[in-house]
Structures are given as C-alpha cells and as structure tokens.
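Report on the structure given below.
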Amino acid sequence: MSNDSYEAETTAKAAASGNAATEGFLQRTKKANIVADVARTNRIATRLVKALNDVAREENVTYDEYNVFKAWLIKMGTDGEWPLFLDVWLEHTIEENHNADKQGSKGTIEGPYYVPNAPEHPASSTIEMRPDEPGTPLRFFGQVTAVGGAPVKNAKIELWHADDLGFYSQFAPGLPEWNLRGTFIADNEGNFEINTIQPAPYQIPTDGACGDLIAAAGWHAWRPAHLHLKVSGAGHQLITTQLYFVGDTHLADDVAGAVKPELILDPTKLDGGKAEVRYDFVLDPA
Ligand code: DHB
Ligand code: FE
C-alpha cells in the first residue's frame with residue numbers, strides 16, 4: 001500500500017465517517033417509509049422518558065451533569081454519530097428481538113457501515129481489493145442450506161469488512177469505493193468460495209461524541225475483528241450476521257456486545273501466510 005493511501009486512511013475523522021453513516025441510513029429508511037403506530041409510540045416513549053427520569057432521580061443528577069449530557073447529545077448530532085451510538089449500544093437487543101424465533105444461523109448486528117448493491121460476483125471469486133492490499137489472505141468458503149438441509153440454489157452472500165488497519169471503504173478517505181465489499185451468488189448447490197483478507201480489530205471512532213463518552217466513562221472502543229454478512233435466498237429469510245476470529249483479544253468485551261459463540265471462526269493456517277476457513281449458513285423459510 002502506498003504511503004499516500006495509508007496517510008489518507010489513518011487521518012480519517014469521526015465526523016466524516018459519522019456523517020456518511022447518517023446520510024446512508026436516512027436515504028434507506030426514507031425509501032422504506034416506516035409509519036409508527038400511535039399507541040405503541042405512546043407506550044415506548046412514555047417508558048423511555050420514565051427510565052431517564054428514574055436514573056436522574058435515583059442518581060441525584062446535578063445541573064452540571066445535566067448540562068454536560070445536553071451538550072453531549074447536541075454533539076452526537078453535529079458529529080453525525082447517532083447511527084454509531086445506537087448500533088454500538090442498542091442494536092444488539094433489537095437484533096435479539098428480531099431473530100428470536102429463527103432456527104437457522106445466528107444473526108448479529110448490522111452496524112453502521114453496510115452499503116447495498118455492492119458489485120456482484122460468481123460463486124467462486126475474489127472480493128474487490130487493492131493490488132497490494134495488506135493483511136492475511138483468507139479463503140472463506142461454505143454452503144448455504146435451508147433449515148431442513150436442502151441446498152439454497154444461487155443464495156446471495158453479501159460480504160463487507162474493514163481492511164487491515166480497521167477502516168471501511170466509503171467511510172474512510174483514500175479507499176476505492178467498493179474495497180472489501182461484494183455480493184456473491186452461490187452455485188446450484190448453494191456453495192461459495194470467496195478470497196479476501198482477514199480484517200483487523202476495529203476501534204469505533206474515538207475523536208467524536210462516542211469517543212467522548214468512552215473516555216469520560218473509562219470504557220474502551222474496541223470491537224473484535226469481524227466479517228459482516230447478509231445471506232439470503234429465494235423463499236428464505238435473510239440473515240444479517242458477523243463472523244469473528246478465535247483468539248481475538250476483544251471477543252469477551254466487544255464494545256458493541258455483538259459476539260456469539262456460534263459466530264467464531266478458527267481458520268486453518270496454510271503455507272505462504274494464507275488462511276482458510278469454512279462456514280455454512282442455514283436459512284429459515286420465508
Ligand atoms: C460500529 C462499527 C462497526 O464496524 C460495527 O460492526 C458496529 C459498530 C460503530 O462504529 O458504531
Ligand atoms: Fe463492523
């Protein structure tokens with residue numbers, strides 16, 4: 001990798017990635033046109049407001065603390081970090097609700113950096129990457145089946161992940177648009193084989209409002225290295241998930257609380273510094 005692109009990537013600013021995440025999210029939800037039910041909004045909003053007031057009363061929160069909180073909430077908006085904040089500290093619970101009844105593969109959070117319509121490739125392909133992409137080459141392969149075991153013909157595997165420095169294309173400067181993002185169409189038996197690189201552990205941006213909270217509360221900003229996936233097929237439910245790597249220091253204390261034991265890969269090391277790992281996906285019926 002050239003010094004220029006290293007320089008560009010590592011000077012990434014929270015506000016830039018935050019605003020890109022906010023923009024993408026708003027565009028997608030506008031299209032989805034979700035309308036909230038009044039009775040349910042009343043119930044949930046009432047409970048949320050009560051929970052805030054309970055904490056303020058029980059902790060005897062002062063005006064100074066209230067004002068710090070208010071300023072921080074305002075900064076969350078100007079930094080564009082609401083998607084980051086919510087995906088780190090709340091999405092894992094929403095995901096549990098959403099996938100509670102599934103029999104197939106475990107899901108986990110989507111996170112703020114999904115971009116739909118990544119370039120499509122056949123079942124056995126290499127993801128888009130720079131010619132000198134740093135990191136351990138990884139052959140990631142497997143089969144997509146239905147809960148009963150039948151192969152899911154031409155299943156769609158969307159894969160996106162950070163590079164060896166922990167940065168995502170379209171959310172950090174200096175990276176090609178679709179770097180380490182792709183859509184793979186499995187063969188007639190649901191088999192796929194993707195060549196990529198192993199991502200690095202990822203630190204959520206620390207120079208914005210989320211980082212301010214982490215520093216102020218004495219927390220850490222790390223997520224274990226992970227592959228993001230959306231797997232789907234005709235007549236089946238889509239699953240959004242992530243896969244992690246055995247031995248990662250942050251498996252037990254992921255800031256986003258999104259690790260599950262079923263989602264940890266143990267790649268085989270091959271000659272020449274390469275690695276390979278199989279993971280089979282099981283989809284629930286639609
Ligand atoms: C965040 C980033 C991720 O890559 C992820 O998977 C979850 C959350 C974040 O910065 O909020
Ligand atoms: Fe991520």
Side-chain angles (χ1 to χ4, degrees), residues 9-10 12-26 28 72-73 75-96 98-99 106-116 118 127 135 138 140 157-173 175 178-182 196-215 217 219-231 239-245 248-260 263-265:
E9 240 182 305
T10 52
K13 288 282 174 292
S17 72
N19 286 323
T22 301
E23 210 34 60
F25 170 77
L26 287 179
R28 276 178 283 141
W72 176 76
L73 285 174
K75 191 165 187 284
M76 282 286 274
T78 52
D79 287 351
E81 285 205 337
W82 277 113
L84 278 63
F85 173 81
L86 291 167
D87 295 351
V88 165
W89 284 293
L90 179 61
E91 192 191 349
H92 61 97
T93 300
I94 310 300
E95 185 278 324
E96 272 174 39
H98 178 73
N99 287 326
K106 288 282 177 207
T108 190
I109 67 170
E110 176 176 308
Y113 298 144
Y114 172 65
V115 182
I127 202 166
L138 178 70
F140 173 65
I157 298 116
E158 292 177 88
L159 173 66
W160 72 103
H161 63 85
D163 67 10
D164 192 53
L165 293 170
F167 291 105
Y168 286 85
S169 60
Q170 302 188 37
F171 298 91
L175 289 167
W178 296 105
N179 209 56
L180 305 174
R181 295 177 181 273
T196 185
I197 56 113
Q198 251 181 251
Y202 169 84
Q203 207 174 6
I204 72 163
T206 52
D207 61 328
C210 287
D212 292 347
L213 171 63
I214 285 170
W219 300 342
H220 74 78
W222 290 97
R223 299 214 60 219
H226 55 279
L227 302 172
H228 286 273
L229 293 129
K230 283 181 185 281
V231 182
I239 188 83
T240 299
T241 195
Q242 298 183 25
L243 295 171
Y244 305 93
F245 297 90
D248 195 304
T249 359
H250 293 291
L251 288 177
D253 66 350
D254 175 13
V255 63
V259 178
K260 299 180 185 182
L263 301 177
I264 300 172
L265 301 171

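Both counts, for ligands and for their atoms, begin at 1 and track the order of listing.
- A side-chain donor-acceptor contact under 3.5 Å links Y244 to the backbone of A258.
- Of the residues listed (P199, P224, P201), the one engaging F245 in a side chain to side chain contact (heavy atoms under 4.5 Å, CB included) is P199, and it is the only one.
- The side chain to side chain donor-acceptor pair (under 3.5 Å) contacts involving residues 77-91 comprise K75-D79, where partners must be two or more places apart or lie in separate chains.
- In this structure, the side chain of S169 does not engage the main chain of L175 through any donor-acceptor pair within 3.5 Å.
- The NE2 atom of H226 and the OH atom of Y168 meet at the Fe ion (ligand 2) at an angle of about 90°, given to 10°.
- Protein residues with a heavy atom under 4.0 Å from ligand 1 are L84, V88, I109, G111, P112, Y113, Y168, Y202, I204, P205, R223, H226, H228, Q242.
- Checking P112, P205, P173 one by one against S17, the side chain to side chain contact (heavy atoms under 4.5 Å, CB included) holds for a single residue, P205.
- In this structure a side-chain-to-backbone donor-acceptor pair under 3.5 Å is present from K260 to G107.
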